[in-house]
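Read through the structure below, which is laid out as structure tokens, and then see the notes.
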Amino acid sequence: MVDGLCLSVLICKFQLHFLFSCLHTLSVFQNTEADPRIRKFKFRMGSGGCIVLYPFPLRGHVGPMLELAKQFVLRHHFSVTVLITTGPFDTPATTSYIHHISQANPSITFLRLPPLSDPFSLVEPSPNRSSLVVLLEFIRLNNPNVLHALKTISQITPVQAFVVDMFTTSAVDVFSDLSIPTYIYFTCGAAALSAFLHLPIIDKQTTQNLKDLTTTHLHIPGLPPIRASHMPEPILDRDDQAYHECLKISSQMTKSRAIMVNTFESLESVSLKAMEDGLCVPDGPTPPVYSVGPLISEPQDGTEEAGNGGGGGVPKCLLWLDEQPPRSVVFLCFGSMGAGLVVKSWAPQVAVLNRESVGGFVSHCGWNSVLEAVVAGVPILAWPLYAEQHMNRTVLVDAYKLAMPIDQSDDGFVSADEVEKRVKSLMDSEDGRALRERSQEMRQQALTALAEGGSSSIAFTKIADELCGNNI
């Protein structure tokens, strides 16, 4: 990492402003009492039953799933019920966000599942059981609660579809006798989806840990060559149970009615075409893949979020940004699980990126952040940390031409000289100018995709038409 002193030198040298933020949403395990609106179980009957959504209980997954719920309600007037787990992975930020969505979208019903009897003892981590495995076990232990909820809902109104996150697919196995169509909402991009669908093939091609194949490149249909050690973090180590869980998830995804992915056609057309042609799953059928994005949170001034430090007013960082010259600020943020280098206040990321003064975004390349930058038309300096972010960097730089890479040493550290070089290139060079133009073009294509008659709008209409014939 870069120390604060070196960053101060950079600021003086380039006369650029750096805005640092850490959106820290997973600091402590905390059982928070849910808001009464969330706990109250009340169905709002639609004309043709309801759709039940089941997100993975991390903020980066809950957000896109609730944006999907809003699309079902606002575009096609479905009744939607969202199942929310209760337990050690609840955080004030996620609870506050759900409350905000509930207040703003009364047509969405939130059903909080009852807590497990002793979740801490049941999901204790151990060697070769990463945090993802612990979370997946927590989801599995909630399967009886999910089954009970679905049966209860089905007694009141027909369930047209059950939409799960890729990491909540284990719930599908418990209600096969209910004959409810299952759809998967993949909250990452089409590139990551291609890799996960292709994982069983990769598994047969090598018996080594991918993390050790630092000079080997994998050839996944629809993607540029991906360094094996840059594949999504859960599948890097065969000795970790997470690897085998991901193999199961890959198999479960191919059995769904369809897969919705948070992307849009003009951004990831090559990956989407590869899946459509069945190239990622050559030994079996691939379900239809619908690109329905970019689904991101609307820009907010931050006053409704916990921790903004603004005392109910507009955060100081936004007021400060409005005083800066156009495209003079580089925004650095490592998302919801990163460690901020300089943290002075909480910052509403979507609102920050949409300020005219912001000319670049140093990002960990989490997919939510990528889409937020794309929709804002802000070019990216790619500094990946974990999950599928290294693979995202590869496609953003090599295929989509929306980012410049920040080179890291083998131990993950980045020198001050490297940051200086890349920031200067982004803000001052011809390559940076071309990147800004490309980002603005993609912004327009993103907006077009969601507009009436756009590719994502058409895909969503196809899904809605299919669901209208799925009353159980």
One thing to verify: whether [Y] and [X] come together as a salt bridge, which I'm taking to mean a side-chain N less than 4.0 angstrom from a carboxylate O.
X: Glu466; Y: Arg257; answer: yes
X: Arg112; Y: Asp90; answer: yes
X: Arg238; Y: Asp203; answer: yes
X: Lys204; Y: Asp283; answer: yes

Closest contact, heavy atoms only, [X] versus [Y]:
X: Thr86; Y: Pro114; answer: CB-C, 4.3 Å
X: Pro348; Y: Cys317; answer: CD-SG, 4.0 Å
X: Val395; Y: Ala191; answer: CG1-CB, 4.0 Å
X: Ser363; Y: Ile380; answer: CB-CG2, 4.1 Å
X: Gly60; Y: Pro64; answer: O-CD, 3.1 Å
X: Ala258; Y: Pro287; answer: CA-CB, 4.1 Å

Tell me, please, which residues at least two apart from [X] pass side-chain contact (heavy atoms from CB on, under 4.5 Å).
X: Ala171; value: Tyr54, Asn143, Val146, Phe162
X: His148; value: Thr152
X: Ala376; value: Leu353, Asn354, Val378
X: Ala195; value: Ile220, Met231, Met391

Report all side-chain donor-acceptor pairs from residues 271-278 shorter than 3.5 Å, counting only partners two or more places apart or in another chain.
unit_1, atom_1, unit_2, atom_2, d
Ser271, OG, Gly222, O, 3.0
Lys273, NZ, Asp277, OD1, 3.1
Lys273, NZ, Asp277, OD2, 2.7

Show your reasoning for whether side-chain contact (heavy atoms from CB on, under 4.5 Å) applies to Arg393 and His230.
-> CA-CA 9 Å; Arg393 175 180 64 177; His230 285 175; 3.6 Å; yes
Is any side-chain heavy atom of [X] closer than 4.5 Å to a side-chain heavy atom of [Y]?
X: Leu66; Y: Ile98; result: yes
X: Leu58; Y: Leu135; result: yes
X: Phe186; Y: Asn262; result: no
X: His390; Y: Gln408; result: yes
X: Leu111; Y: Val82; result: no
X: Ile153; Y: Cys50; result: yes
X: Val163; Y: Val52; result: no
X: Phe167; Y: Leu136; result: yes

Partner residues of [X] under the side chain to side chain donor-acceptor pair (under 3.5 Å) criterion, sequence neighbours left out:
X: Gln71; answer: Arg75
X: Asn142; answer: Asn145
X: Thr286; answer: none
X: Arg227; answer: none

For this output row, return yes or no: ring centroids of Phe72 and Phe460 closer than 6.0 angstrom.
->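 Ring-ring flag for Phe72/Phe460: true, centres closer than 6.0 Å.
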Asn392 side-chain N/O to Cys365 backbone N/O, donor-acceptor pair under 3.5 Å | yes
When you measure from the side chain of Thr168 to the backbone N and O of Val164, does any donor-acceptor pair fall under 3.5 Å?
->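 No, Thr168 side chain to Val164 backbone: no donor-acceptor pair under 3.5 Å.
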When rounded to the nearest 0.5 angstrom, what distance separates [atom1] in [X] from [atom2] in [Y]?
X: Glu372; Y: Ser297; atom1: CD; atom2: OG; answer: 6.5 Å
X: Thr263; Y: Glu265; atom1: OG1; atom2: CD; answer: 10.0 Å
X: Asp240; Y: Ser130; atom1: CG; atom2: OG; answer: 4.0 Å
X: Ser439; Y: Tyr400; atom1: OG; atom2: OH; answer: 14.5 Å
X: Tyr185; Y: Met65; atom1: OH; atom2: CE; answer: 8.0 Å
X: Ile463; Y: Cys468; atom1: CD1; atom2: SG; answer: 12.0 Å

Side chain to side chain donor-acceptor pair (under 3.5 Å) between Glu268 and Ser291: does it pass, once the steps are laid out?
-> CA-CA 9 Å; Glu268 299 193 276; Ser291 54; over 6 Å; no
Using distance alone, with no hydrogens and no angle criterion, decide if Gln445 and Glu441 have a side-chain donor and acceptor under 3.5 Å apart.
->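 Note: Gln445 and Glu441 side chains miss the donor-acceptor criterion.
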Criterion side chain to side chain donor-acceptor pair (under 3.5 Å) on Gln444 and Gln440, from CA distance to verdict = CA-CA 7 Å; Gln444 292 302 319; Gln440 285 295 319; 5.2 Å; no
Across all chains, not counting sequence neighbours, the salt bridge (charged side-chain N to carboxylate O under 4.0 Å, His left out) partners of Lys462 are none
Using the test salt bridge (charged side-chain N to carboxylate O under 4.0 Å, His left out), find all partners of Glu67 that sit at least two apart in sequence or belong to another chain.
->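 For Glu67, the residues satisfying salt bridge (charged side-chain N to carboxylate O under 4.0 Å, His left out) (neighbours in sequence not counted) are Lys70.
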Mind running side-chain contact (heavy atoms from CB on, under 4.5 Å) on Met166 and Ile259 for me, showing each step along the way?
-> CA-CA 9 Å; Met166 65 171 292; Ile259 301 173; over 6 Å; no
Decide side-chain contact (heavy atoms from CB on, under 4.5 Å) for Thr91 and Arg59; before the verdict, give the C-alpha distance in whole Å, the side-chain angles of both, and the deciding distance to 0.1 Å.
-> CA-CA 9 Å; Thr91 66; Arg59 177 65 174 81; 5.7 Å; no
Between Phe361 and Phe331, what is the ring plane arrangement, given parallel below 30°, perpendicular above 60°, and tilted in between?
-> parallel
Report the C-alpha separation of Ile226 and Leu223 in whole Å, then their side-chain angles, then the decisive distance to 0.1 Å, and conclude whether the side-chain contact (heavy atoms from CB on, under 4.5 Å) test is met.
-> CA-CA 8 Å; Ile226 302 290; Leu223 274 64; 4.0 Å; yes
Pairs satisfying ring pair (Phe, Tyr, Trp, His ring centres under 6.0 Å), at least one member in residues 237-284, at least two apart | none
